[in-house]
Amino acid sequence: MPEHDTRQGAKVAPMRQPLRWLWLAVAVIVVDLGTKALASSLLEYARPLEVLPFFNLTLLHNTGAAFSFLADHPGWQRWFFAAIAVAASVGLTIWMRRLRADEKMLGASLALVIGGALGNLYDRLVHGYVVDFLSFHLAGWYYPAFNVADIGITLGAIGLIVESLFGERRRARRRR
């Protein structure tokens, strides 16, 4: 099995079955689509259901991206964001195939982003919008509504940032 060089010169074998992390992407997609279906069937559009004093379930349809970016455009953004989701998922899967044995957090992070991107992609292609329903607020300020796919993307992005800042040093210490 070929080995990859790291910056410190130590040899690390490629990860065995790096695509096994895709189970996490599938889990994000299943939970995301399931919760969106429940929200769509049980909630009335744009009518908040208070769960906690700072948290509502509020069914909303987002034709744009995060924070409704480009939502007020005539429809081209649907295909633009769909293309981005497909390209990102393909690119991240290729990256995942190249993981080294000591890059487990990176594998999980990539899978979370892929699952979130594909969960929202499904909505864009089938409905023409993304179903959002989790709404946090405090003292009259409302954070934009989001969904489980968005949580996956956010957690994955945080993992990628942590990995880029600390991962190589952590792995180098483990190899010593």
Side-chain angles (χ1 to χ4, degrees), residues 19-93 95-96 104-166:
L19 295 182
R20 74 176 183 263
W21 288 104
L22 290 177
W23 72 264
L24 184 54
V26 171
V28 170
I29 294 166
V30 168
V31 173
D32 177 60
L33 296 181
T35 55
K36 287 174 180 174
L38 274 173
S40 294
S41 66
L42 299 176
L43 298 173
E44 189 175 328
Y45 187 80
R47 175 171 245 138
L49 173 65
E50 185 176 325
V51 177
L52 296 170
F54 57 89
F55 174 64
N56 296 338
L57 294 175
T58 308
L59 180 64
L60 297 171
H61 299 158
N62 182 359
T63 58
F67 307 110
S68 296
F69 177 65
L70 298 178
D72 56 350
H73 286 260
W76 60 266
Q77 72 276 21
R78 171 186 184 183
W79 305 109
F80 176 70
F81 293 129
I84 288 174
V86 169
S89 297
V90 169
L92 295 176
T93 303
W95 184 3
M96 185 183 287
K104 292 174 180 63
M105 182 175 178
L106 183 55
S109 298
L110 293 171
L112 287 168
V113 174
I114 291 167
L118 294 178
N120 283 341
L121 173 64
Y122 176 88
D123 278 6
R124 283 188 202 290
L125 295 178
V126 172
H127 306 297
Y129 53 80
V130 173
V131 174
D132 290 326
F133 61 93
L134 302 170
S135 176
F136 286 86
H137 56 90
L138 184 62
W141 176 84
Y142 283 78
Y143 189 79
F146 58 96
N147 57 47
V148 173
D150 298 333
I151 294 170
I153 292 168
T154 301
L155 291 176
I158 290 168
L160 291 172
I161 292 167
V162 168
E163 183 67 19
S164 72
L165 294 174
F166 306 110

**Message:** Taking salt bridge (Lys or Arg N to Asp or Glu O under 4.0 Å) as the cut-off, I'd like each qualifying pair that reaches into residues 127-148, sequence neighbours left out, listed once.
**Reply:** none
**Item:** Greater than 12 external heavy atoms within 6.0 Å of L52's CG
**Value:** yes
**Test salt bridge (charged side-chain N to carboxylate O under 4.0 Å, His left out) applied to D123 - qualifying residues, sequence neighbours left out** = K36
**Message:** Which heavy atom of L24 sits nearest to which heavy atom of A108, and what is that distance?
**Reply:** CD2-O, 3.6 Å
**Separation of N62 CG from F81 CZ (nearest 0.5 Å)** = 8.5 Å
**Prompt:** Roughly how far, to the nearest 0.5 Å, is OG1 of T93 from CH2 of W21?
**Reply:** 14.5 Å
**Asked** What class does the angle between the rings of F146 and Y143 fall in, given that below 30° is parallel, 30 to 60° is tilted and above 60° is perpendicular?
**Response** perpendicular
**Asked** Which atom names give the shortest non-hydrogen contact between S40 and V131, and what distance separates them?
**Response** OG-CG1, 3.8 Å
**Evaluation steps, side-chain contact (heavy atoms from CB on, under 4.5 Å), between T35 and N147** = CA-CA 8 Å; T35 55; N147 57 47; 6.0 Å; no
**Request:** State, yes or no, whether a side-chain contact exists between E44 and L59 at a heavy-atom distance under 4.5 Å.
**Result:** no
**Request:** Side-chain contact test, heavy atoms from C-beta onward, threshold under 4.5 Å: evaluate it for D150 versus L134 and give yes or no.
**Result:** no
**Request:** Under the ring pair (Phe, Tyr, Trp, His ring centres under 6.0 Å) rule, collect the residues that match up with F55, sequence neighbours excluded.
**Result:** F136
**Fill in**
With sequence neighbours left out, the residues meeting side-chain hydrogen bond (donor to acceptor under 3.5 Å, both in side chains) with H137 are N56
**With sequence neighbours excluded, residues passing side chain to side chain contact (heavy atoms under 4.5 Å, CB included) with L110** = L92, W95, M96, L99, L106, L160
**Prompt:** Do N120 and I153 have side-chain heavy atoms sitting under 4.5 Å apart?
**Reply:** yes
Ignoring hydrogens and angles, write down the donor-acceptor pairs under 3.5 Å from the side chains of residues 84-91, residues two or more places apart or on other chains.
{"unit_1": "S89", "atom_1": "OG", "unit_2": "A85", "atom_2": "O", "d": "2.8"}

**Prompt:** Can you check whether L125's main-chain N or O pairs, donor with acceptor, with R78's side chain at less than 3.5 Å?
**Reply:** yes
**Request:** For the residue pair L60 and F133, establish whether any side-chain heavy-atom pair is separated by less than 4.5 Å.
**Result:** no
**Asked** Does the side chain of L33 come within less than 4.5 Å of Y122's, by heavy atoms?
**Response** yes
